[in-house]
Amino acid sequence: MSALAERGEIEITVPASVANLGPGFDVLAVAVQLYLRLKVRAIEGRNELRFNFIGQQLKGDNYIERAFNFLARQHSGSFPSLEVDVHCDIPIRSGLGSSAAATVAGLRLYEAIMEPMQARDLLNAAVALEGHPDNVSAALLGGMTASCQLPDGSTSAVSMPWPASLCLIVATPEYNLSTSAARSVLPERVSRHDAVFNLQRMAHLLHALQSEDFSLLHEALSDRLHQPHRQKLIPGLDQALMLDHPDILGVCLSGAGPSIVCFATQSFSEIERMLANIYEGLGLPYQVRTLAVHRNDEAPVSEVPPNEPDPSVFA
Ligand SMILES: Nc1ncnc2c1ncn2[C@@H]1O[C@H](COP(=O)(O)OP(=O)(O)OP(=O)(O)O)[C@@H](O)[C@H]1O
Ligand SMILES: N[C@@H](CCO)C(=O)O
């Protein structure tokens, strides 16, 4: 029996995510405590989905519906009609993984009303729809994830430790930038010098997050694969990268932007104010939020006993 048949109404919650984390372009992402929530009820009839967007208006296509239909077409095709209330706190086209959250929500909705699915099938469906794996991996697994596209075309995603004390202060200007527009400015080829630069930072970033030694975090968040090419599209990024405060441990673009993220373990309101001053100077409306990392289970990933199979690892 599906969860919906058992309970009459179900809720599905999917987190926002900050992708790339500087050098980890299309690889790293971290889920954060900002959510897309669905409330779902069965209604009379079959094969109809009715959506009510509450609070935030949908800009663009409905990716919840797209993901649901993707699975419905692959499986039986027939489903009970549903009414879905969508409460979305994730700003759309802002570099916080709204499309990934919507896609994962649609897949989880199908799973909830039909049958449980293998985690790897959900991930592969999400990547097929989203086009890049980083945000959807974090939206599915929670915490920080590293994704890898395998030679057979499937995707693997693994969970990585994230220090409980490290928060993200995220500034979002009111300035829509679609991911496709922010990807269109990226060069097809990069130099060996730049590839090595990113590998060095990525290794140091993972070390800093594992060891909780943040002394090299600032340098470890620099990037040459995407951020410099996007910088001209992102209001406030030049100024944010130059912010100077002893508790700002590093700064980078959030996903494809235009959100910008500062990392810190304290002084959150001072850092929020510094980010706010940038957009006030530019005359742009903005929102600033201090976000903790979202974990699917509250146990830190590092506490998973080494010999237990980790259910959050796909292969
Ligand atoms: N709550 C939602 N419900 C349905 N579809 C959504 C929702 N939120 C976003 N989308 C779809 O995702 C599109 C935005 O995707 P896009 O990848 O450009 O931005 P983003 O995911 O917010 O940013 P990024 O990928 O850089 O984090 C919207 O135009 C809409 O089609
Ligand atoms: N890795 C993707 C993330 C989009 O949120 C990009 O930078 O285009």
Side-chain angles (χ1 to χ4, degrees), residues 12-32 34-40 49-70 84-109 126-127 129-139 145-149 155 157 168 170 172-187 198 202 223-231 233-234 237 252-261 287 291:
I12 292 170
T13 301
V14 184
S17 48
V18 170
N20 301 328
L21 300 172
F25 176 70
D26 278 0
V27 179
L28 297 181
V30 65
V32 290
L34 184 69
Y35 297 102
L36 167 63
R37 290 195 168 86
L38 309 185
K39 282 197 178 161
V40 186
L49 292 176
R50 253 185 241 162
F51 286 89
N52 310 311
F53 285 84
I54 296 162
Q56 189 177 190
Q57 245 194 324
L58 175 63
K59 296 176 198 144
D61 295 337
N62 183 344
Y63 282 9
I64 306 170
E65 188 171 26
R66 181 184 69 155
F68 183 97
N69 287 333
F70 180 84
V84 183
D85 292 344
V86 182
H87 301 258
C88 187
D89 291 332
I90 310 173
I92 295 180
R93 293 190 199 139
S94 293
L96 288 168
S98 73
S99 58
T103 296
V104 168
L107 301 177
R108 289 232 183 268
L109 174 58
V127 175
L129 290 161
E130 178 78 351
H132 53 90
D134 40 1
N135 293 99
V136 291
S137 295
T145 50
S147 308
C148 176
Q149 276 159 316
T155 298
L168 298 87
V170 180
T172 306
E174 219 172 86
Y175 174 84
N176 280 192
L177 177 63
S178 74
T179 303
S180 57
R183 288 178 86 84
S184 70
V185 299
L186 303 183
N198 267 55
M202 176 89 148
D223 160 77
R224 290 206 182 149
L225 296 188
H226 69 105
Q227 208 166 273
H229 306 289
R230 289 170 162 168
Q231 204 151 336
L233 303 178
I234 312 292
L237 182 57
C252 65
L253 194 57
S254 176
S259 291
I260 292 170
V261 55
Q287 267 194 300
L291 299 171

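No experiment lies behind these values; they were computed from the predicted model shown. One-based numbering, in listed order, for ligands and for the atoms of each.
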Around [atom], find the nearest protein heavy atom and jot down its residue, atom name and distance.
{"atom": "atom 14 (C) of ligand 1", "answer": "Arg93 CG, 3.7 Å"}
{"atom": "atom 31 (O) of ligand 1", "answer": "Asp61 O, 2.5 Å"}
{"atom": "atom 15 (O) of ligand 1", "answer": "Ser99 CB, 3.3 Å"}
{"atom": "atom 5 (N) of ligand 1", "answer": "Tyr63 N, 3.0 Å"}
{"atom": "atom 9 (C) of ligand 1", "answer": "Ser98 OG, 3.2 Å"}
{"atom": "atom 27 (O) of ligand 1", "answer": "Gly97 N, 2.6 Å"}

With only distance considered, is [X] within less than 3.5 Å of ligand 1 through an N or O on each side?
{"X": "His132", "result": "no"}
{"X": "Thr179", "result": "yes"}
{"X": "Ala100", "result": "no"}

If you count the atoms of ligand 1 from 1 in the order shown, which ones are under 4.0 Å from a heavy atom of [X]?
{"X": "Ala102", "value": "2 (C), 3 (N), 4 (C), 5 (N), 6 (C), 7 (C)"}
{"X": "Cys88", "value": "1 (N)"}
{"X": "Leu96", "value": "27 (O)"}
{"X": "Lys59", "value": "28 (C), 29 (O), 30 (C), 31 (O)"}
{"X": "Ser94", "value": "22 (O)"}
{"X": "Leu36", "value": "1 (N)"}
{"X": "Gly60", "value": "29 (O), 31 (O)"}
{"X": "Leu58", "value": "3 (N), 4 (C), 5 (N), 6 (C), 7 (C)"}

Set of residues satisfying salt bridge (charged side-chain N to carboxylate O under 4.0 Å, His left out) with respect to Arg50, sequence neighbours excluded:
Glu48
By salt bridge (charged side-chain N to carboxylate O under 4.0 Å, His left out), which residues pair with Arg230, not counting sequence neighbours?
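With neighbours one apart ignored, the set is empty.
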Scan side-chain atoms only and decide if Ser259 and Ser254 contain a donor-acceptor pair under the 3.5 Å cut-off.
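There is no such pair between these side chains.
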Using a 4.5 Å cut-off on heavy atoms from C-beta on, say whether the side chain of [Y] contacts that of [X].
{"X": "Pro228", "Y": "Asp223", "result": "yes"}
{"X": "Asp134", "Y": "Thr145", "result": "no"}
{"X": "Leu38", "Y": "Arg108", "result": "no"}

Distance-only, no hydrogens or angles: does the [X] side chain make a donor-acceptor pair with backbone N or O of [Y] under 3.5 Å?
{"X": "Gln231", "Y": "Leu237", "result": "no"}
{"X": "Asn62", "Y": "Ile64", "result": "yes"}
{"X": "Tyr175", "Y": "Leu233", "result": "yes"}

For ligand 2, list all ligand N or O to protein N or O distances below 3.5 Å, rounded to 0.1 Å.
residue	atom	partner	partner atom	Å
ligand 2	1 (N)	Asn20	OD1	2.9
ligand 2	1 (N)	Asp26	OD1	2.5
ligand 2	1 (N)	Asp134	OD2	2.6
ligand 2	5 (O)	Asn135	OD1	2.9
ligand 2	7 (O)	Asn20	ND2	2.8
ligand 2	7 (O)	Arg230	NH1	2.8
ligand 2	7 (O)	Arg230	NH2	3.3
ligand 2	8 (O)	Arg183	NH1	2.7
ligand 2	8 (O)	Arg230	NH2	2.8

What one should report as the nearest heavy-atom pair of Thr155 and Gln149 is OG1-CG, 3.6 Å
List the atom of Ser98, the atom of Arg93, and the distance in Å for their closest heavy-atom pair.
OG-N, 3.7 Å
From Leu36, Asn52, Ile54, residue fulfilling side chain to side chain contact (heavy atoms under 4.5 Å, CB included) relative to Val86:
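Only one option passes, and that is Leu36.
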Please step through side-chain contact (heavy atoms from CB on, under 4.5 Å) for the pair Asp61 and Arg66, ending with a clear verdict.
CA-CA 8 Å; Asp61 295 337; Arg66 181 184 69 155; over 6 Å; no
Quick check on Phe51 - does any of its heavy atoms sit under 4.0 Å from an atom of ligand 1?
no
What verdict does the side-chain contact (heavy atoms from CB on, under 4.5 Å) test give for Leu49 and Asn69, after you've listed the backbone C-alpha separation in whole Å, the side-chain angles of each residue and the deciding distance to 0.1 Å?
CA-CA 10 Å; Leu49 292 176; Asn69 287 333; 4.3 Å; yes
Considering only distance and modelled atom types, tabulate donor-acceptor pairs under 3.5 Å from the side chains of residues 14-32, sequence neighbours left out.
residue	atom	partner	partner atom	Å
Ser17	OG	Asn135	ND2	2.9
Asn20	OD1	Asp26	N	3.1
Asn20	ND2	Gly255	O	3.1
Asp26	OD1	Arg183	NH1	3.1
Asp26	OD2	Arg183	NH2	2.7

